[in-house]
Asks: 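This structure is in structure tokens; I'll ask about it shortly.
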Amino acid sequence: MSQTLQNDRFLRALRRQPVDRTPVWLMRQAGRYLPEYRASRAEAGSFLNLAKNPDMACEVTLQPLRRFPLDAAILFSDILTIPDAMGLGLYFADGEGPKFERPLRDGAAIAKLGVPDMETELRYVMDAVRVIRRELDGKVPLIGFSGSPWTLACYMVEGGGSRNFSIIKAMAHNDPEALHRLLEVNTNAVIAYLAAQRAAGAQALQVFDTWGGVLSPAMYREFSLPYLARIARELERGEGDDRTPLILFGRGNGNYLGELAGTGAESLGVDWLMDLADAARATGGRVALQGNLDPTVLYGSPEAIRREVRTVLDSYRDGNGGSREGHVFNLGHGMSPDMDPDHVAVLVEEVHAYSAR
């Protein structure tokens, strides 16, 4: 699918090439803070109906681009599509988030898992990518994504979200072989899933290691980092300027940025708990960095938002010897439903205006 991009600064920044201004997109930029999203979700009847209808997923993906001059679109989907396709029975309980009807509690259940077929069980995702690419018509690049093997495993074993991840941590201590088998099949599935999104038209790929930060350093290096490295190493992404960049994002990953920079990924997402200057020094210019405004800044006044945007942009340059290349502006985590779209407009405008000076 060859299209000339009208705006390629996001991909240029991920390749650490010069840009006219810092590109910006926002995690959860398509979501409940937008009234048009709420209308689409009401029309669909449920979140899963919305995500599994390619035309509606396309509509929701494009909604923030109609409001804001963002530099990338991200596929509207969910990180739990893979375990859902594995037969775990994904559903959403009101006020409780995602849950699974059949969580994995032992090695016997894990042994039955297989990698889903990407063009049958997960065809709706690939169809959404194809429709979005067509409708974007080269305006900005499209990001595809997946949950990380560890983060998927957390939901699959716990059966949903968790406060202390006691069930999966007990498995890590009591039956690490079973957990590693689960992480292996998840890794195989993530590689196949991201490859299929790339084949369908995704121009960059992001892995969300949302729960990597709940692990101790030793456990992170056993149960998360090696599997992220395997994805970066084995996911076929092309060569040169045709290479599809891979972004690894993790909450609480600041201690591991140097090791993550050695995986072969093109970019690392950084949460808001670390100064970007420190992140730049830790990674030594080996990767592009994405982030990392504290999302709660969007509750501040427009002037406060502008001030904090400038602080993040300056911090990146401070850590990179004054260079602004290799930075994609983003939040340090996703947006919340009660955020004001007008404040998002201020953020995007300030990123572009200040970084162009």
Asks: Decide yes or no for V312 and F329: does some side-chain heavy atom of the first lie under 4.5 Å from some side-chain heavy atom of the second?
Replies: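 Yes, their side chains come closer than 4.5 Å.
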
Asks: So, do Q203 and Q197 sit near enough that their side-chain heavy atoms are less than 4.5 Å apart?
Replies: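 They are not in side-chain contact.
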
Asks: State whether the side chain of T151 and the backbone N or O of G147 hold a donor-acceptor pair below 3.5 Å, judged by distance alone.
Replies: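 No; judged by distance alone, with no hydrogens or angles, the pair does not exist.
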
Asks: Rounded to the nearest 0.5 Å, what separation is found between the CE atom of M156 and the CG atom of L90?
Replies: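 Taking CE in M156 and CG in L90, the distance rounds to 11.0 Å.
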
Asks: Might you point out which heavy atoms bring A73 and L136 nearest each other, and give the distance in Å?
Replies: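 Taking A73 first and L136 second, the nearest heavy atoms are CB-CD1, 4.1 Å.
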
Asks: For K52, run the salt bridge (charged side-chain N to carboxylate O under 4.0 Å, His left out) check against D78, D127, D84 and tell me which one passes.
Replies: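 Exactly one candidate clears the test, D84.
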
Asks: Taking the side chain from N53 and the backbone from M56, do they hold a donor-acceptor pair closer than 3.5 Å?
Replies: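 Looks like yes, one N/O pair under 3.5 Å.
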
Asks: Can you find a pair of side-chain heavy atoms, one from L88 and one from E101, that are under 4.5 Å apart?
Replies: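 Sidechains of E101 and L88: no contact.
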
Asks: Using only heavy-atom distances, determine whether the side chains of N7 and R12 contain a donor-acceptor pair under 3.5 Å.
Replies: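 Short answer, no.
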
Asks: What distance separates L113 CG from N188 CG, expressed to the nearest 0.5 Å?
Replies: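 Between atom CG of L113 and atom CG of N188 there are 11.5 Å.
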
Asks: Go through the steps to decide whether E119 and R130 satisfy the test salt bridge (Lys or Arg N to Asp or Glu O under 4.0 Å), and finish with yes or no.
Replies: CA-CA 12 Å; E119 287 293 347; R130 287 184 273 260; 3.1 Å; yes

Asks: Run the side-chain contact (heavy atoms from CB on, under 4.5 Å) test on S336 and Y299 for me, step by step, so that the C-alpha distance in whole Å, both residues' side-chain angles and the decisive distance to 0.1 Å come before the verdict.
Replies: CA-CA 10 Å; S336 297; Y299 296 121; 3.5 Å; yes

Asks: Run L293 and N330 through side-chain contact (heavy atoms from CB on, under 4.5 Å) and show every step you take.
Replies: CA-CA 6 Å; L293 185 74; N330 208 314; over 6 Å; no

Asks: Step by step, work out the side-chain hydrogen bond (donor to acceptor under 3.5 Å, both in side chains) result for D137 and Q6.
Replies: CA-CA 9 Å; D137 195 29; Q6 299 159 40; 5.1 Å; no

Asks: Step by step, work out the side-chain hydrogen bond (donor to acceptor under 3.5 Å, both in side chains) result for D314 and Y354.
Replies: CA-CA 10 Å; D314 288 342; Y354 187 73; 2.9 Å; yes

Asks: Walk me through whether N186 and Y227 qualify under side-chain contact (heavy atoms from CB on, under 4.5 Å).
Replies: CA-CA 9 Å; N186 282 356; Y227 297 98; over 6 Å; no

Asks: Report yes or no: do V19 and L5 belong to one cluster of Ile/Leu/Val/Met/Phe/Trp/Tyr joined by side chain heavy-atom distances under 4.5 Å?
Replies: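 No; tracing contacts between hydrophobic side chains, which count when under 4.5 Å, never links both residues.
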
Asks: Side chains of V140 and L70: does their closest heavy-atom pair fall under 4.5 Å?
Replies: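 Counting from C-beta outward, V140 and L70 never come under 4.5 Å.
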
Asks: Write down the atom of D55, the atom of V131, and the distance for their closest heavy-atom approach.
Replies: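 Nearest pair, atom of D55 first, then V131: OD1-CG1, 3.9 Å.
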
Asks: To the nearest 0.5 Å, how far apart are CG in L276 and CG in L313?
Replies: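 Taking CG in L276 and CG in L313, the distance rounds to 9.0 Å.
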
Asks: Determine whether the side chains of Q290 and H327 contain a donor N or O and an acceptor N or O closer than 3.5 Å.
Replies: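 Result is no, nothing qualifies.
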
Asks: Over all heavy atoms of both residues, which pair between S77 and V125 is shortest? Give the atoms and the distance, please.
Replies: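 Scanning both residues completely, I find the closest heavy atoms to be OG-CG2, 4.2 Å.
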
Asks: Please verify the inter-ring angle class for Y155 with W211; under 30° counts as parallel, over 60° as perpendicular, anything in between as tilted.
Replies: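 Answer is tilted, since the angle falls between 30° and 60°.
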
Asks: Calculate, to the nearest 0.5 Å, the distance between atoms CG and CG belonging to L142 and L75 respectively.
Replies: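 Between L142 CG and L75 CG, I get 6.5 Å after rounding to 0.5 Å.
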
Asks: Does CZ in R32 sit with more than 12 non-hydrogen atoms of other residues, nucleotides or ligands closer than 6.0 Å?
Replies: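 Counting neighbours around CZ of R32, 12 or fewer heavy atoms of other residues, nucleotides or ligands fall under 6.0 Å, so no.
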
Asks: Could you tell me whether D209 and R251 make a salt bridge, using a distance below 4.0 angstrom between a side-chain N and a carboxylate O?
Replies: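 Result for this pair is no, no salt bridge flagged.
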
Asks: Are V297 and R307 close enough that some pair of their side-chain heavy atoms sits under 4.5 Å apart?
Replies: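 When only atoms from C-beta onward are counted, R307 and V297 do not touch, as no gap falls below 4.5 Å.
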
Asks: Are W272 and L268 joined in one hydrophobic group, where the rule is that I, L, V, M, F, W and Y side chains link up if heavy atoms are under 4.5 Å apart?
Replies: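 The answer is no; the residues belong to distinct hydrophobic clusters.
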
Asks: Is the closest basic N to carboxylate O distance between E349 and R21 below 4.0 Å?
Replies: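 Looking at E349 and R21, the cut-off is not met.
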
Asks: Is it the case that the ring center of F76 lies less than 6.0 angstrom away from the ring center of Y37?
Replies: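 Judged by ring-centre distance (under 6.0 Å), Y37 and F76 do meet the cut-off.
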
Asks: Between Y33 and F68, what is the ring plane arrangement, given parallel below 30°, perpendicular above 60°, and tilted in between?
Replies: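 Parallel, since the angle between the ring planes stays under 30°.
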
Asks: Any chance the side chains of Y220 and N253 put a donor and an acceptor closer than 3.5 Å?
Replies: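 Short answer, no.
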
Asks: Whether the Q29 and Q63 side chains hold a donor-acceptor pair (N or O, under 3.5 Å, no angle test) is what I'd like checked.
Replies: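 Result is no, nothing qualifies.
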
Asks: Check the side chains of H333 and D294 for a donor-acceptor pair under 3.5 angstrom, ignoring hydrogens and angles.
Replies: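 Judged by distance alone, the side chains do not pair up.
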
Asks: Using a strict cut-off of less than 4.0 Å between a Lys/Arg side-chain nitrogen and an Asp/Glu carboxylate oxygen, indicate whether E350 and R310 qualify as a salt bridge.
Replies: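 Yes.
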
Asks: Salt bridge or not between R67 and E36? Use side-chain N to carboxylate O under 4.0 Å.
Replies: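 A salt bridge links R67 with E36.
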
Asks: Could you tell me if N292 and D271 have a donor-acceptor pair between their side chains, going purely by distance under 3.5 Å?
Replies: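 No, because no side-chain N or O of D271 sits under 3.5 Å from a partner of the opposite role on N292.
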
Asks: How close do I79 and L152 get, counting heavy atoms only, and between which atoms?
Replies: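 Smallest heavy-atom distance, with atoms named: O-CD2, 3.0 Å.
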
Asks: Taking all non-hydrogen atoms of both residues into account, name the closest pair between F145 and L194 and its distance.
Replies: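 Answer, listing the atom of F145 first, then L194: C-CD2, 3.7 Å.
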
Asks: Carefully, step by step, assess V287 and S267 under the rule side-chain contact (heavy atoms from CB on, under 4.5 Å).
Replies: CA-CA 5 Å; V287 290; S267 179; 5.5 Å; no

Asks: For the backbone of G258 and the side chain of R286, can you confirm whether one donor and one acceptor N or O come within less than 3.5 Å of each other?
Replies: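 Checking the backbone N and O of G258 against the side chain of R286, a donor-acceptor pair under 3.5 Å is found.
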
Asks: Indicate the atoms forming the closest heavy-atom contact of L246 with A232, along with that distance.
Replies: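 That closest heavy-atom pairing would be CD2-CA, 3.6 Å.
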
Asks: When you check the side-chain N and O atoms of R198 and T244, is any donor under 3.5 Å from an acceptor?
Replies: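 Yes.
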
Asks: Is the closest side-chain heavy-atom distance between M219 and H173 below 4.5 Å?
Replies: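 In contact.
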
Asks: Please answer whether the main-chain N or O of G87 pairs with a side-chain N or O of R102 as donor and acceptor at a distance below 3.5 Å.
Replies: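 Yes.
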
Asks: Say you draw a straight line from CD of E158 to CD1 of I167; how long is it, rounded to the nearest 0.5 Å?
Replies: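 Those atoms lie 4.5 Å apart.
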
Asks: Has the side chain of R237 got a donor or acceptor atom that lies under 3.5 Å from a matching backbone atom of R243?
Replies: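 Answer holds: no.
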
Asks: Please report whether the ring centroid of H180 lies less than 6.0 Å from that of F223.
Replies: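 Yes: the rings meet the under 6.0 Å criterion.
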
Asks: Just wondering, do R306 and V346 contact through their side chains at under 4.5 Å, heavy atoms?
Replies: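 Result yes, sub-4.5 Å side-chain heavy-atom pair found.
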
Asks: Could you give the distance from CG (L248) to CD1 (I231), rounded to the nearest 0.5 Å?
Replies: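 Going from the CG atom of L248 to the CD1 atom of I231 covers 7.5 Å.
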
Asks: Within the 4.5 Å heavy-atom criterion, are H343 and L347 side-chain neighbours or not?
Replies: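 They are not in side-chain contact.
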
Asks: State whether the side chain of R105 and the backbone N or O of V157 hold a donor-acceptor pair below 3.5 Å, judged by distance alone.
Replies: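 The answer is yes, because a donor-acceptor pair under 3.5 Å joins these two groups.
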
Asks: According to a hydrophobic-cluster definition based on side-chain heavy atoms being under 4.5 Å apart (Ile, Leu, Val, Met, Phe, Trp, Tyr only), do I143 and I82 belong together?
Replies: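 Yes, I143 connects to I82 through the hydrophobic network.
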
Asks: Indicate if F100 and F47 have the same hydrophobic cluster label, given that clusters are the connected sets of ILVMFWY residues with side-chain heavy-atom separations under 4.5 angstrom.
Replies: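 Yes, F100 and F47 fall within the same hydrophobic cluster.
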
Asks: Cut-off 3.5 Å, side chains only: do T22 and Y316 have a donor facing an acceptor?
Replies: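 Side chains of T22 and Y316: no pair found under 3.5 Å.
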
Asks: Do N320 and S323 get their side chains close enough for a donor-acceptor pair, meaning under 3.5 Å?
Replies: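 N320 vs S323: no donor-acceptor pair found between side chains.
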
Asks: Hey, are R66 and E59 close enough for a salt bridge, meaning a charged N less than 4.0 Å from a carboxylate O?
Replies: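 Result for this pair is yes, salt bridge flagged.
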
Asks: Between E266 and R16, is the closest basic N to carboxylate O distance under 4.0 Å?
Replies: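 Not counted as a salt bridge, because no side-chain N and carboxylate O are separated by less than 4.0 Å.
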
